Protein chains: 2
Amino acid sequence: MEQETRLTESRPASPGTLRPGGRTAKVRGAVLDATRDALAETGFHALNMDRIAASAGVGKTTVYRRWGSPVGLVTDLLHDMAEQSLPAADTGALAGDLRANAELVRDTLTHPRMGAVFHAVIAAAACDEECARALAGFYRTRLAEWAPVVARGAERGEIPAGTDPVELLRAVSAPLYYRFAVTHEELTGDVAGRAAEAALAAARAGVFVRE
Amino acid sequence: MEQETRLTESRPASPGTLRPGGRTAKVRGAVLDATRDALAETGFHALNMDRIAASAGVGKTTVYRRWGSPVGLVTDLLHDMAEQSLPAADTGALAGDLRANAELVRDTLTHPRMGAVFHAVIAAAACDEECARALAGFYRTRLAEWAPVVARGAERGEIPAGTDPVELLRAVSAPLYYRFAVTHEELTGDVAGRAAEAALAAARAGVFVRE
DNA sequence: GACTTAATGGAACAGGAGACCCGTTTGACT
DNA sequence: AGTCAAACGGGTCTCCTGTTCCATTAAGTC
């Protein structure tokens, strides 16, 4: 409860936003790096503010003041990730583009460092409303970046006109995230391939046409 | 770290397994009920061993001894859920059965009490290996219960022979869990319907045929 | 280059989580 | 019914988490 008030009042105009100079940015970089390391090594449940402060070479007061809690750290990590965007593929055929998208998701989730971060983000989002909103926003922008790929496919007539691009892209991601977050199965190349194929087959059948 | 040793040494032959008599079972029931309540009210991050003990009317020593941590509580809750199984549908047509499956998943995840439990379980599984295994086992049995439904559909020729039943069922669940756990979007009836339709379309196209 | 103020960091402090000890209760077995 | 062992529960103690206070450092501004 006090966690929630701290987060909502410290995020919009928190320390670091009014004076985004050299030191403040360095502190944030060091803390977020330390957070990534800690997540990769010991996971979200062991995320400890004091240890983060120590390994980032920063006063623990600062960490508590600016981030408030492990969930706050992960949420900020998410904001940081949202700022770096990767370009979408363009192989000339929708099947290839969707396959590339599925492989990108797979690579991210199986990456030893990134995978741990995503596990943490999902756990944190299940605990905290604000983190959930940040996560939703992250995927909204990520999917929007790839939407033109689907639109081009529709123009080429590979899928029915009126197909909802984002809905199709969600269908590609869903099987991968389902295995990653829910059943914790291994993400093989097969799984990614089938995710792309299944989504495309459904799109061709008109399941994602917006009425 | 000490959490891990405690869990591994207390779960396989923990108190309560050697003497599954009246009191022990009552204590477990009360504690798991209190856990469900707490999850529904305040979520996983606020799960507090002392408060659980108090609201279950049980000594906190007992809760610490038998479950060790919030993750342990949620893991046991999961074991408890795994024991109650619901019968699979049989509408006579695969499309209807898959739709029923999707609706069942949707009802579970949107159920105010159950939804909170699933959020907690997913968060706990992201933190703890043993909980992740328990969750994986839960879905293995759940999906196995529905596999005959798909097999009947294949016999009726509604999908290609050789279609992997579990793979098809995963495809139905995936979009729902993706929205539930990752993007935290609302699970409308539309979403469930499209999940079933898309999975069936992909199956008809032969995407889930085991080579 | 001096001034103002945001941000940092060290130290001390309070509160609560979690472990331990040991007496009590209760189920299982004869 | 009586015995034994297992599980429960109250009380206590310790250590860690998170907060507060204040001096120090360094951005931004003139």
Side-chain angles (χ1 to χ4, degrees), chain A residues 1-7 9-32 34-35 38 42 44-74 76 127-128, chain B residues 1-35 38 42 44-74 76 127-128:
Chain A
M1 46 197 75
E2 82 294 319
Q3 198 174 39
E4 210 140 349
T5 51
R6 294 195 70 274
L7 280 170
E9 81 184 0
S10 72
R11 186 108 292 284
S14 78
T17 54
L18 284 173
R19 187 178 283 200
R23 181 166 66 160
T24 299
K26 244 184 200 141
V27 165
R28 186 172 113 129
V31 168
L32 292 189
T35 303
T42 57
F44 179 61
H45 76 290
L47 205 56
N48 180 279
M49 306 288 278
D50 293 33
R51 231 167 298 158
I52 294 295
S55 75
V58 160
K60 77 167 182 167
T61 310
T62 301
V63 178
Y64 279 109
R65 184 168 32 217
R66 284 186 64 178
W67 290 277
S69 69
V71 168
L73 278 173
V74 171
D76 196 33
C127 296
D128 181 77
Chain B
M1 49 197 69
E2 82 294 321
Q3 198 173 38
E4 209 139 348
T5 51
R6 294 195 70 273
L7 279 171
T8 44
E9 82 185 0
S10 71
R11 187 105 291 283
S14 79
T17 53
L18 284 173
R19 186 178 282 200
R23 181 166 66 160
T24 299
K26 241 181 201 145
V27 166
R28 186 177 123 144
V31 167
L32 292 189
D33 274 346
T35 302
T42 58
F44 178 62
H45 76 290
L47 205 56
N48 178 279
M49 306 288 278
D50 293 32
R51 232 166 297 158
I52 293 295
S55 76
V58 160
K60 75 167 183 168
T61 309
T62 301
V63 178
Y64 278 110
R65 184 167 30 215
R66 283 187 64 177
W67 290 277
S69 69
V71 168
L73 279 172
V74 171
D76 196 34
C127 296
D128 181 77

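Numbered from 1 within each chain, the chains take letters A, B, ... in sequence-line order. On a predicted model such as this, the values are computed, not experimentally measured, just so you know.
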Nearest-neighbour nucleotide for the A/Tyr64 side chain, D/dG9, D/dT19, C/dG18 considered
D/dT19

Any side-chain N or O of A/Asn48 below 4.0 angstrom from OP1/OP2 of D/dT17?
yes

In whole angstrom, what separates A/Arg66's CZ from C/dA6's P?
15 Å

Angle between the two end axes of the helix from C/dG1-D/dC30 to C/dT30-D/dA1, five base pairs per end, rounded to 10 degrees?
50°

Taking D/dG9, C/dG9, D/dT17 as options, the one with an atom nearest any side-chain atom of A/Asp50 is D/dT17

Mind checking whether A/Thr62 and A/Val31 have side chains closer than 4.5 Å, heavy atoms only?
no

Rounding to a whole Å, what distance do you find between B/Arg28:CZ and D/dC8:C1'?
17 Å

For A/Asn48, the side-chain hydrogen bond (donor to acceptor under 3.5 Å, both in side chains) test, sequence neighbours excluded, returns none

Taking the side chain as everything from C-beta on, heavy atoms only, tell me whether B/Asp128 gets closer than 4.5 Å to A/Phe44.
no

In terms of heavy-atom contacts, B/Leu73 and B/Leu32 come closest through O-CD2, 4.2 Å

From the options A/Thr42, A/Val71, A/Val74, select the one residue that forms a side chain to side chain contact (heavy atoms under 4.5 Å, CB included) with A/Leu47.
A/Val74

Return the OG1 to CH2 distance between A/Thr35 and A/Trp67, rounded to the nearest 0.5 Å.
7.5 Å

Which whole-number value in Å describes the distance from B/Met49 CE to D/dT17 C1'?
17 Å

From the set C/dT8, D/dT17, D/dC8, return the single nucleotide nearest to any side-chain atom of A/Thr62.
C/dT8

Dump every N/O contact between nucleotides 20-23 of chain C and the protein below 3.5 Å, one line per pair.
residue: C/dC20; atom: N4; partner: B/Thr61; partner atom: OG1; Å: 3.4

Can you name the closest pair of heavy atoms from B/Lys60 and B/Ala53 and give their distance?
CA-CB, 3.5 Å

How long is the line joining CH2 of A/Trp67 and P of C/dG9, in whole Å?
10 Å

Can you find a pair of side-chain heavy atoms, one from B/Arg66 and one from B/Asp76, that are under 4.5 Å apart?
no

Calculate the interatomic distance between A/Ile52 atom CD1 and C/dG9 atom P; express it in whole Å.
15 Å

